[in-house]
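The next block holds one structure in the form of structure tokens; read it before the comments.
It should be emphasised that the depicted structure is a prediction, and the values quoted were computed from it without experimental measurement. Side-chain atoms are counted along with the backbone in the values below, which use heavy atoms only and exclude waters and symmetry mates.
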Amino acid sequence: MSLSEQRQTPKAWGKIILAGEHAVVYGHTALAGAITRGLSCRAQPCTGGSRLLAPDWHLDVAQAEDHPVARAMRVMLEAADRSDIIFHVDGDLPAAAGLGSSAALCVAMARALVPGIDGERLVQLANLGEQCFHERPSGVDVALSSQGGFGVYQRASGLRQLPCAALPIVVGLSGQARRTAAMVSGVAERMKSSAQVREGIDELGRLAKDAETALIACEHEALGSVMNACQVQLERIGVSIAILDAMIAAARSAGALGAKLTGAGGGGAIIALAPGREEAVMKALADLGHQSFVTTVGARQ
Ligand code: MEV
């Protein structure tokens with residue numbers, strides 16, 4: 001085994017979307033940030049077929065299985081011209097919670113497979129894997145997971161990093177897993193018949209630009225208001241659910257300047273911007289029976 005293959009890869013960050021989820025699928029802008037939680041991976045050559053072990057997620061998947069992780073393994077191994085690898089994945093990023101876990105997994109695997117891989121090659125290889133989880137990902141999750149920081153993302157132009165100071169943010173976990181692919185195709189279906197949903201998508205794209213302006217100016221109250229306005233549109237396009245609505249209301253009552261679902265919705269997580277009130281927000285979420293944590297968004301290390 002070569003030294004580089006024993007090495008744990010640098011962290012592949014998780015992410016949150018501050019504004020523009022779902023709209024980004026249709027070419028609009030999203031404003032997103034990496035969080036300090038993430039994953040790393042080590043590639044160990046083996047015989048008899050590849051597998052992926054992620055004990056924190058209770059995951060042990062063989063390459064031949066009918067499982068999105070196995071499909072990602074197969075396409076990424078083939079693209080990297082590798083075989084017979086055990087991927088050892090470690091980290092503190094919750095799975096299936098809207099925090100970019102599948103993208104972080106693919107970025108960490110790509111780094112383990114091709115030591116030193118970076119830039120566009122890393123994004124391309126990781127996106128091959130990510131497509132096994134979500135049929136038509138916008139690419140925002142992989143971009144943030146590989147580069148960190150804050151960024152404005154558009155399908156056509158990729159990630160433009162923003163030189164903004166990192167922010168503490170509360171992430172509340174609904175405990176309800178959901179499939180991003182199913183949420184994205186649900187929105188696509190509703191867009192066909194509903195002008196309301198189409199307008200909601202356009203409005204989410206526009207709000208992402210307001211969020212960028214507020215973030216750059218460090219105007220947290222304005223950013224919180226934009227997050228609240230995004231949540232109205234996310235409800236309008238049908239991706240919020242009662243549990244998320246209750247968590248968001250509790251976070252706001254506890255002093256959050258802004259709170260919204262993050263990612264695809266239908267479960268997963270909420271985020272709350274509550275400078276100096278993080279503990280109170282976490283307590284309010286705990287009172288509803290939900291786990292939460294404070295993380296730094298815009299993380300670069
Ligand atoms: C990504 O975390 C959330 C969605 O915008 C899907 C995507 O961008 O691929 C809903």
Side-chain angles (χ1 to χ4, degrees), residues 15-35 98-100 138-141 143-144 147-172 183-184 187 191 195-240 244-245 247-249 251-252 255-265 268-277 281 295-299:
K15 69 92 196 39
I16 58 160
I17 298 186
L18 285 161
E21 50 271 272
H22 286 287
V24 68
V25 173
Y26 299 94
H28 290 289
T29 301
L31 173 65
I35 59 173
L99 301 175
S138 65
V140 61
D141 292 10
L144 254 299
Q147 295 180 46
F150 279 114
V152 166
Y153 183 88
Q154 266 189 332
R155 249 188 209 285
S157 47
L159 190 76
R160 174 168 51 86
Q161 290 227 329
L162 297 178
C164 297
L167 279 178
I169 201 128
V170 181
V171 177
M183 296 308 296
V184 170
V187 171
M191 276 177 81
Q196 284 274 328
V197 175
R198 291 194 293 274
E199 280 163 28
I201 288 287
D202 291 345
E203 187 59 13
L204 282 165
R206 204 192 56 68
L207 286 167
K209 293 187 181 144
D210 293 348
E212 177 187 350
T213 307
L215 180 69
I216 289 173
C218 287
E219 284 175 4
H220 295 159
E221 285 202 13
L223 182 58
S225 302
V226 178
M227 288 167 66
N228 290 336
C230 286
Q231 178 60 25
V232 172
Q233 300 306 323
L234 290 162
E235 287 167 20
R236 190 178 183 197
I237 67 169
V239 295
S240 201
L244 297 175
D245 297 345
M247 292 170 75
I248 288 163
R252 288 180 189 151
L257 299 176
K260 62 182 278 291
L261 70 80
T262 187
I270 67 135
I271 52 171
L273 178 64
R277 301 281 304 159
V281 170
T295 188
T296 301
V297 56

What closest approach, in Å, do [X] and [Y] show between heavy atoms, and which atom pair accounts for it?
X: Asn228; Y: Ala259; result: OD1-N, 3.0 Å
X: Leu144; Y: Ala34; result: CD1-N, 3.2 Å
X: Gly151; Y: Leu159; result: CA-CD1, 3.7 Å
X: Leu207; Y: Val226; result: O-CG1, 3.4 Å
X: Leu18; Y: Phe150; result: CD1-CE2, 3.9 Å
X: Thr262; Y: Ile17; result: OG1-N, 2.8 Å

Any chance you could measure [X], atom [atom1], to [Y], atom [atom2], to the nearest 0.5 Å?
X: Ile169; Y: Ile271; atom1: CD1; atom2: CD1; value: 4.5 Å
X: Leu167; Y: Cys218; atom1: CG; atom2: SG; value: 7.5 Å
X: Thr295; Y: Ile16; atom1: OG1; atom2: CD1; value: 8.0 Å
X: Leu99; Y: Ile35; atom1: CG; atom2: CD1; value: 5.0 Å
X: Leu244; Y: Leu261; atom1: CG; atom2: CG; value: 6.0 Å
X: Lys209; Y: Leu31; atom1: NZ; atom2: CG; value: 12.5 Å

Check your understanding: Sequence neighbours excluded, which residues qualify as salt bridge (Lys or Arg N to Asp or Glu O under 4.0 Å) partners of Arg206?
Key -> Glu203, Asp210

**Study point:** Counterpart residues, salt bridge (Lys or Arg N to Asp or Glu O under 4.0 Å), relative to Glu199 (two or more places apart)
**Key:** Arg236

Practice item. May I have all residue pairs that pass salt bridge (Lys or Arg N to Asp or Glu O under 4.0 Å) and include part of residues 19-33, sequence neighbours excluded? Key: Glu21-Lys260

Practice item. Quick one: which residue pairs count as a salt bridge (Lys or Arg N to Asp or Glu O under 4.0 Å) with a foot in residues 150-164, not counting sequence neighbours? Key: Arg160-Glu212

Applying side-chain contact (heavy atoms from CB on, under 4.5 Å), can you list everything that pairs with [X], at least two apart in sequence or on another chain?
X: Leu257; answer: His220, Glu221, Pro275
X: Asp245; answer: Gln231, Glu235, Ser240
X: Ala214; answer: Ala222, Leu223
X: Ala256; answer: Ala251, Ala272, Ala274, Val281

Point to revise | side-chain hydrogen bond (donor to acceptor under 3.5 Å, both in side chains) partners for Glu219, two or more places apart | key: none

Check your understanding: Who are the side-chain hydrogen bond (donor to acceptor under 3.5 Å, both in side chains) partners of Ser225, not counting sequence neighbours?
Key -> none

Under 3.5 Å: donor-acceptor pair, side chain of [X], backbone of [Y]:
X: His22; Y: Ala264; answer: yes
X: Lys15; Y: Gly98; answer: yes
X: Thr29; Y: Gly205; answer: no

